[in-house]
2 protein chains.
Amino acid sequence: MIMKKLTLKDVAKQLGVSTATISNAFNRPDQLSASKRTEILDACKRIGYTGPNRAAQILRKGQSNIVALVLADSLDYMVTDPVANTFIQGVSRVLRENHKHLLLYAGDSESIIDVVDFVDGFICYGAPRNPDLSVQLKQQNKPVVTVDFNLEGSPAINIDNEQASYEIAKAALKPGDKVAILGLRLIESPNTCRIYDSPLLDAESSITHRRLDGYFQALKEVDIKVESDWIWNLPENAGMYAVQAAKEVLSCHPRPNVILCMSDIIALELLQCALSMGIDVPGELRITGFDGIEEAARTRPYMATVCQSSVEKGMQSARLLLSGENKSMSLPYEVRLGETI
Amino acid sequence: MIMKKLTLKDVAKQLGVSTATISNAFNRPDQLSASKRTEILDACKRIGYTGPNRAAQILRKGQSNIVALVLADSLDYMVTDPVANTFIQGVSRVLRENHKHLLLYAGDSESIIDVVDFVDGFICYGAPRNPDLSVQLKQQNKPVVTVDFNLEGSPAINIDNEQASYEIAKAALKPGDKVAILGLRLIESPNTCRIYDSPLLDAESSITHRRLDGYFQALKEVDIKVESDWIWNLPENAGMYAVQAAKEVLSCHPRPNVILCMSDIIALELLQCALSMGIDVPGELRITGFDGIEEAARTRPYMATVCQSSVEKGMQSARLLLSGENKSMSLPYEVRLGETI
DNA sequence: CTGTTAGCGCTTTCAG
DNA sequence: CTGAAAGCGCTAACAG
């Protein structure tokens with residue numbers, strides 16, 4: 001039996017009360033007697049009215065209980081990235097507790113106008129690939145929380161990428177090492193390649209440039225130079241690019257004996273590649289990662305890396321958004337020495 | 001400069017035309033001259049009107065361009081599961097092409113009434129942990145596509161789990177083997193445990209019971225019996241439970257020399273555990289997985305498993321939903337023998 | 001504590 | 001091709 005969906009008005013008529021009373025029964029318990037309320041709610045359940053239409057509520061109240069999570073790039077890349085999906089996990093946990101829903105939004109979308117009118121706010125994870133989004137986000141007035149980058153006027157959540165990178169590099173390096181760096185989104189390029197003297201992408205605000213700064217600081221202290229033809233750029237944190245870079249760097253003559261990787265995904269592919277070439281790690285080659293994803297603890301030898309809690313980041317950013325406060329915060333990290341250095 | 005958001009009415013007044021004309025300029029190009037249209041659109045851009053309010057459009061048109069992806073369990077579990085997130089990747093790719101947005105919905109939510117009024121349809125990935133959702137999904141009239149399970153009246157996408165499991169087990173087994181099974185969601189239990197004679201959960205519709213059927217068929221053909229105290233149940237496809245089960249099964253005396261795992265996550269943790277105990281794989285212990293996640297190809301030895309394309313599944317299910325057709329389909333899989341059997 | 005009413009911002013017939 | 005007007009279904013102020 002298919003029947004037309006009941007409206008609040010229909011129900012009010014059927015029960016012989018006003019529409020306001022029905023509405024109040026669902027939304028504002030304090031506006032009517034408890035007995036009347038349960039009476040109405042029971043009657044609604046009986047006749048099959050599940051409550052006010054959400055689309056109408058969204059328009060009327062200007063609130064949808066939907067939070068948009070703007071990811072740095074297309075969902076295609078982001079959703080399978082263990083760092084990103086652990087972050088999403090954290091966000092979803094807090095949203096759930098607060099009866100909010102999660103809309104995933106790609107950072108390479110054309111604009112946010114598709115959703116800005118109805119979502120309750122934005123969590124922005126990494127600088128969106130399409131820079132227009134940052135501008136639009138600044139111009140609209142729904143609350144925004146940014147993570148791993150900054151947007152004027154909005155609270156941000158970060159870790160100290162520079163200091164963390166400095167520490168892991170410092171732990172890995174010895175005087176006289178031959179060092180290469182496998183970096184991420186350092187220059188504008190759709191391909192895996194060495195950076196040479198390409199113009200740097202977003203050099204002040206991007207976290208990967210902070211990591212680079214940290215590496216350089218450590219390198220300087222042990223008096224090692226890394227030329228720009230020994231710094232690779234990966235366009236995305238994906239296995240495919242990592243394999244390409246790993247093969248390139250491992251086939252250099254002379255070969256580096258330390259490789260600093262800006263993510264665990266990169267480091268893991270490099271490790272896998274090195275082992276299958278019969279290279280001894282860490283004897284002939286030391287490797288460091290970044291992020292502390294789970295798989296990095298499952299390899300043998302297990303990875304030296306910087307562990308940051310993406311779950312915690314996700315939870316904090318969701319809490320921050322829901323609280324409405326404008327307080328940026330820096331989260332802790334932990335350097336894990338592992339067996340690869 | 002913060003200003004009140006413009007409405008279509010405001011704009012109509014400012015430009016000295018009727019509201020319908022503005023609306024048509026944005027939504028129905030055929031309803032007015034091309035020149036008038038561009039004139040209006042330009043004017044809108046100039047005065048900062050980005051188009052009709054989406055919340056109002058949703059109410060009025062009954063269409064939001066949002067698709068809800070109902071996952072089997074809480075997002076907490078699902079989003080970091082490589083099988084699930086590869087599926088999400090496929091879905092998102094197709095939605096993107098069609099300018100639809102993705103709302104993630106937990107399968108352990110109380111109900112779908114929070115969103116049913118405004119989403120355009122549901123993709124349901126695995127039987128929702130809360131069985132009420134299945135009922136509600138059946139009762140409402142937005143389009144639904146199910147994946148890895150069936151819902152009366154809605155098209156479904158599956159692979160032949162029983163046949164696939166039969167094949168991988170058949171490849172792994174030799175007469176006289178001592179076999180254990182690490183299963184998934186076979187019984188109702190929040191813990192890792194042996195199933196003994198607990199009542200089976202959802203035995204007709206669940207894919208993991210189909211996998212069990214496939215294993216048993218293969219076992220029967222080589223005349224091997226597996227008692228219910230050598231069948232483990234994991235409540236979720238998560239590393240934590242897998243480690244528990246791996247330790248339990250590997251500390252049995254006598255120890256099984258073949259372990260059939262219902263997912264790669266389980267198989268990988270088992271492998272890792274076995275290797276760290278000094279057990280030779282596949283010499284002393286053969287292992288099979290299921291799913292064909294990427295990490296299963298990166299281990300040494302690399303995993304024998306059933307590869308199914310979750311991306312493809314995701315893409316097909318999104319296409320199916322958007323097409324509105326009611327055609328169920330079965331997708332192919334591939335048995336990869338690997339080095340663990 | 002209950003009922004009436006004016007919109008939220010838009011789309012879409014229907015006359016002109 | 002354009003404009004006037006009736007809602008989509010609901011909420012919240014206000015009067016009773």
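In this text, all values refer to a predicted model and were calculated from it rather than measured experimentally. Numbered from 1 within each chain, the chains take letters A, B, ... in sequence-line order. Values reported hereafter were calculated over all heavy atoms of this structure, with side chains retained and with hydrogens, waters and symmetry mates removed.
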Without decimals, in angstroms, what is the distance between [X] [atom1] and [N] [atom2]?
{"X": "Leu6(B)", "N": "dC8(C)", "atom1": "CG", "atom2": "P", "result": "14 Å"}
{"X": "Leu32(A)", "N": "dT11(D)", "atom1": "CG", "atom2": "P", "result": "14 Å"}
{"X": "Ile40(B)", "N": "dC1(D)", "atom1": "CD1", "atom2": "C1'", "result": "11 Å"}
{"X": "Ile113(B)", "N": "dG9(D)", "atom1": "CD1", "atom2": "P", "result": "17 Å"}
{"X": "Gln63(A)", "N": "dT11(D)", "atom1": "CD", "atom2": "C1'", "result": "13 Å"}
{"X": "Glu39(B)", "N": "dT2(D)", "atom1": "CD", "atom2": "C1'", "result": "14 Å"}
{"X": "Gln31(A)", "N": "dC14(D)", "atom1": "CD", "atom2": "C1'", "result": "12 Å"}
{"X": "Lys5(B)", "N": "dC10(C)", "atom1": "NZ", "atom2": "P", "result": "9 Å"}

Task: Atom NZ of Lys45(B) with >12 non-hydrogen neighbours under 6.0 angstrom - done: no
TODO: Kindly check if the number of other-residue, nucleotide or ligand heavy atoms within 6.0 Å of NZ (Lys138(A)) is above 12?
DONE: yes
Please tabulate, for side-chain N and O atoms in residues 59-72 of chain A, each donor-acceptor pair with protein atoms closer than 3.5 Å (sequence neighbours left out).
residue, atom, partner, partner atom, Å
Ser64(A), OG, Ile66(A), N, 3.1
Ser64(A), OG, Phe118(A), O, 2.5
Ser64(A), OG, Asp120(A), OD1, 3.3
Asn65(A), OD1, Lys100(A), NZ, 2.9

Task: Polar side-chain atom of Gln136(A) near backbone of Ile112(A) as donor-acceptor pair, under 3.5 Å - done: yes
Task: Aromatic plane relationship, Phe26(B) with Tyr49(B) - under 30° parallel, 30 to 60° tilted, over 60° perpendicular - done: perpendicular
- [ ] Rounded to the nearest 0.5 Å, what's the gap from NZ on Lys142(B) to OG on Ser154(B)? Could you check?
- [x] 14.0 Å
Task: Contacting residues from residues 18-30 of chain A, given that a heavy atom lies under 4.0 angstrom of DNA chain C - done: Ser18(A), Thr19(A), Ala20(A), Thr21(A), Asp30(A)
Open item on the list: Does a side-chain N or O of Tyr49(A) approach OP1 or OP2 of dG9(D) to a distance below 4.0 Å, or not?
Closed with: no
Task: Residues that Gln140(B) engages under side chain to side chain donor-acceptor pair (under 3.5 Å), provided they are two or more places apart - done: none
Task: Audit row: Glu236(B), Arg129(B), salt bridge (Lys or Arg N to Asp or Glu O under 4.0 Å) steps and yes/no - done: CA-CA 11 Å; Glu236(B) 287 298 332; Arg129(B) 165 170 292 266; 2.7 Å; yes
Task: Nearest listed nucleotide, side chain of Arg60(B), among dC8(D), dC10(D), dT11(D) - done: dC8(D)
Task: Angle of first-five versus last-five pair axes in the helix from dC1(C)-dG16(D) to dG16(C)-dC1(D), to 10 degrees - done: 40°
Open item on the list: Tell me which residues in residues 50-58 of chain A lie within less than 4.0 Å of DNA chain D, going by non-hydrogen atoms.
Closed with: Pro52(A), Asn53(A), Ala56(A), Gln57(A)
Task: Closest approach of Asp117(B) to Arg54(A) (non-hydrogen atoms, all atoms of both residues) - done: OD2-N, 2.9 Å
Task: Partners meeting side-chain contact (heavy atoms from CB on, under 4.5 Å) with Glu110(B) (sequence neighbours left out) - done: none
Open item on the list: If the test is side-chain contact (heavy atoms from CB on, under 4.5 Å), which one of Arg319(B), Glu312(B), Lys313(B), Lys327(B) qualifies with Ile157(B)?
Closed with: Lys313(B)
